[in-house]
Amino acid sequence: MKLGKRSFIPFVTAGHPDLESTEKIVLALAQTGASVIEVGIPFSDPVADGPTIQLSSFVALSHGYRFSDYIQMIERVRSETDVGLIFMTYLNPVLNYGLEKLDREAAAAGLDGILISDLTPEEYLGGDTTTDGLKGPQGRSEDLEPLGAETSRSFGSELPGPFDSFAFQRLETVFLVAPTSTEDRVRRICDASTGFIYLVARTGVTGKQTQIDRSLPAVVGQIRKFTDLPVAVGFGIRSKSDVEQVWEFAEGAVVGSAIVDFIERNKECIDLAGRVAGFVNDTLLPRF
Amino acid sequence: MVNRKTLLPDAEGHFGRFGGRFIPETLMAPIQELEAAYLQVRDDSQFQKELEERLRQYAGRPTPLFLAERLSDSLGVRVYLKREDLCHTGAHKINNALGQALLAKRMGKKRIIAETGAGQHGVATATVCALLDLDCEVYMGTEDTKRQALNVFRMELLGAKVVPVDSGSQTLKDAINEAMRDWVTNVEDTHYLLGSVLGPHPYPMMVRDFQSVIGREARRQILELEGELPQTLIACVGGGSNSIGLFYEFLEDASVGMIGVEAGGFGKQLGQHAARFEGGGPGVLHGTFSFVLQDENGQIASTHSVSAGLDYPSIGPEHAYLREHGRVRYASVTDDEALEAFHVLSEVEGIIPALESAHAIAYLIREKALFSGKTVVVNLSGRGDKDVETVQGRDREK
C-alpha cells in the first residue's frame, strides 16, 4: 500500500450520517492529501471502539445498508481517486458476506486492503506456528475420552473452521499490534500482514487517549525487526501535535474518533464533506 | 488408551471448528495472562482444595439430587432434580464466581468486573467479592436494570457498583461489550469474571471446569440412589454453563442421552426467540466462533425470552461442537410452556424454579412420552424468587 513517510490516514464510518455523505467525505479527504482512508464497516457489537465510533456505527446501521452497498461505494470512489482505501471492520459481517466473495468483489471494486479488529493472526494463519503458550490439548487430563464411543468416530470428518483453507489473495491485510504484544506475537502479526502494520497507541478503546504512550517508538523498533512494511499508529490521535509526534517514529498517523466526532456534530450542515476537509486541514494536518 | 483428539479444547481453545479467540490485539495480553494462571491452578491441588472447601462451607455444596415423586407420578417418568437452586445466592452461578474470584485473588487482581443480564451472575459475583475483599463493578444493560431492579439493589447491598449500559439494545450482550472495553482499559489490576461458557479461550473451558462439579456430584448421587445411570439429562441453555456443568461428567457414558433446551420465546421469527440452533448460523460474537442469531448482513440480532438468563444471541462453542457431533440434542420451548412449567413445579413439588430452569421442566412435560418409565435428571439451575414479579405480571395479562 502507498504509505510513505508522513502519511495521514483518516477514518470514517461508512453510512454515517449516510452513505452518500460518506462517499463525498472520502473524496474530500483524498483531496487533503491523505495516503490511505480507512472506511469503517459498522458492526452491531464494536467491542474495540469507544463511544464516538459506537454511536456512528449505530447511526449507520439504522439505514440497513448491505455489504454490497459499501463495495459499490468503493467502486464509485475508485473511479475518481487513487487514494489507498481499506475496510476496517469486525469478523462477523465479513464471514456472513463470505470471505472469498469479499476478497474477489471488493478488490475488483478497487479496495486495497482490510483490517478486521477481532481477527488474530493465530486464527488467520492457523495455530501451528505457536511458539509461546502451551502446546497440545488443554482438556482436563483425567477426562481421557469425554465423548461417547459413537461420537468419537466422527472426529475424522471435522468441518473446517472459517480460516482453515482461506487467506486473502487480492486484498492486503492489516493487523493490529498493541504496546502489550509480546515479541513473539509481534512476529506473528508481521507474518500475517501484507499491507501495513497498525500499532495501537494505547491499550483501551478507540478515541480515548490523552497522551501518546512513550513506549511506542520501541515497539516500532520491534516491528521493524520482523517486517519492511510501513507502520501506522492509531487510537486516540486527535491533534496536529499528536500527528507530528507519531511521524517521528512511524510512517502513518491514523485519526478516527476526532473526525467521526466532527462529522457527528456537523451532520446537518450543508457541504459536510467540505467542512470535514477543512477540519482536517486546519486542526489535524501539520503544515510546513 | 488415550484418544488425544478428544481432549478438548485444543491449545487455541477450539472445540472442533468452534471456539477459539476472536479478540482485538489489546485483549490478547490479559487473555494470555489469564490462560497461564488458570492452567497453573487447574493442576494445583492446594487451589482445588481451597475451592472445594469454599464450595462446601460457603456455597452449600453438594446440592441434593432430589426425586420429584409427585411430578414423576404425573408424567410417568422417574424425575430427579439436581438442586442448584439451593446453592448460596440461589443458582449455579456461584460455582464459577467462586472459582474465578479465587483465581483473580491469586493473580493479584484487586478489582473484579462482570456482566449480568437477569442479575444472577452479578449477584453471585458481588457476593464472592464481598467474601474475598475485592472491588466489584457489574455492567448491566439499562433495560435489564429496570426489569431486575431488586437484583440491582441486592448487588449494591453486597458492596458492588452497578454500571448501567446505554448502548445498543441495552441488554446482556451490550453489558458484555462494555465489560470487555473496561477490561482492555484497566487490564493491570482488573479481572473480568465472565459468567458463562462464552467468550474467548480460556473462558469456555475454565467456566465449564468450574461448573462441572454439578455433573460430578449428580453422577455419583444417581449411582448411589438408582444403581445405574439415567437415560437422559435435561438442562436449559442460555450461554450454556449450567447445562455443560451437568453434561460434562457424563459425556463418556454413551448410554446417557442429553438435551439442551433453548428459549423459544413467542415466535419463530428473528427477534422473537433465543433459539440459536433453530434460527442462527455459524458466526463470531464476543470472541468465540459458535452459533449466532444474526440478520442477513451479519449484524447480531435482538433476542427475546421471558427468561432474562436465556436471552442471549450466541451459545457456548462447546455446545455447537457437541451438537455437530450428535452427542447432545437441542430443542426449544416457548415462553408460555415455560410459564406453565413454572406453575406446575411450584404446585406439585413446592419448588419455585427460575424461569430459565422452568424451560428444562417444560421440555420434559411436553415430551414425556419419550421418557416413559425411564430415569431422567433435570438440572434445576436456579430458584424462581427473582421471577415471581414477572410471572405475576404475565398471569394478570391473561
Side-chain angles (χ1 to χ4, degrees), chain A residues 43-48 50-51 54 58 61 65-67 91-97 117-120 122-123 127 130 133-141 143-152 154-155 158-162 164 175-178 180-182 185 189 200 203-205 208, chain B residues 1-14 16-18 20-26 28-29 32 35-36 39 42-43 167-168 173-174 177 180-181 184-185 187 202 205 209 248 251-254 256 281-287 289 292 294 296-300 324-327:
Chain A
F43 178 50
S44 52
D45 294 81
V47 293
Q54 283 177 50
F58 296 136
L61 287 173
Y65 298 122
R66 308 181 66 90
F67 220 113
L91 188 52
N92 202 57
V94 170
L95 284 181
N96 184 281
Y97 191 73
S117 297
D118 54 349
L119 179 59
T120 61
E122 285 84 354
E123 294 290 349
T130 306
L134 288 170
K135 288 188 181 229
Q138 288 191 0
R140 293 182 73 101
S141 52
D143 301 305
L144 299 181
E145 291 187 69
L147 293 182
E150 202 180 316
T151 51
S152 296
S154 58
F155 270 99
E158 196 69 63
L159 288 163
D164 278 355
F175 282 84
L176 300 172
V177 170
T180 48
S181 301
T182 59
R185 294 196 52 73
I189 292 160
V200 175
T203 56
V205 293
K208 284 264 184 144
Chain B
M1 260 290 270
V2 179
N3 179 355
R4 293 185 67 83
K5 276 183 182 166
T6 61
L7 289 168
L8 293 174
D10 70 12
E12 277 83 34
H14 297 108
R17 65 176 171 138
F18 297 107
R21 254 178 204 158
F22 294 90
I23 50 174
E25 181 62 22
T26 42
M28 205 49 140
Q32 287 188 323
E35 178 192 13
L39 290 177
R42 198 176 58 168
D43 299 322
S167 57
K173 84 176 171 67
D174 309 285
N177 292 341
M180 288 172 88
R181 291 183 189 115
V184 291
T185 315
V187 290
M205 171 180 78
D209 291 350
Y248 192 63
L251 285 172
E252 288 175 64
D253 300 318
V256 178
V284 169
L285 177 66
H286 295 145
F289 181 60
V292 180
Q294 51 191 307
E296 67 279 9
N297 297 315
Q299 306 298 337
I300 305 307
E324 195 151 281
H325 287 278
R327 182 63 188 99

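In what follows, every chain begins at residue 1, and chains take the letters A, B, ... in the order their sequences are listed. Just so it is clear, the model here is predicted, and its values are computed rather than measured.
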Please look at [X] and chain B and tell me whether the side chain, the backbone, both or neither of the residue comes under 4.5 angstrom of a heavy atom of that chain.
X      : value
A:V177 : backbone
A:L176 : both
A:F43  : both
A:Y65  : backbone
A:S181 : both

- Query: With only heavy atoms counted, which part of B:F22 is less than 4.5 Å from chain A, the side chain, the backbone, both or neither?
  - Reply: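 Contact with chain A: backbone and side chain both.
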- In terms of heavy-atom proximity below 4.5 Å to chain A, should B:Q294 be classed as side chain, backbone, both, or neither?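 When you check distances to chain A, only side chain atoms of B:Q294 fall under 4.5 Å.
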- Message: Measuring only between side-chain heavy atoms, which start at C-beta, is B:M180 closer than 4.5 Å to B:V184?
- Response: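 Of all side-chain heavy-atom pairs linking B:V184 with B:M180, none is under 4.5 Å.
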- Task: May I ask you to test the B:I23-A:D118 pair for a side-chain heavy-atom distance under 4.5 Å?
- Result: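 No, their side chains stay 4.5 Å or more apart.
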- Query: Based on non-hydrogen pairs under 4.5 Å, which of B:P24, B:S167, B:A29, B:G287 is most in contact with chain A?
  - Reply: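 Going by pairs under 4.5 Å, I would pick B:P24.
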- Under 4.5 Å, counting heavy-atom pairs only, tell me which of B:H286, B:E324, B:R21 racks up the most with chain A.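 With the most close heavy-atom pairs to chain A, the winner is B:R21.
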Donor-acceptor contact present, side-chain [X] to main-chain [Y], <3.5 Å:
X      : Y      : answer
B:R181 : A:P46  : yes
B:D10  : B:G13  : yes
A:N92  : B:V284 : yes

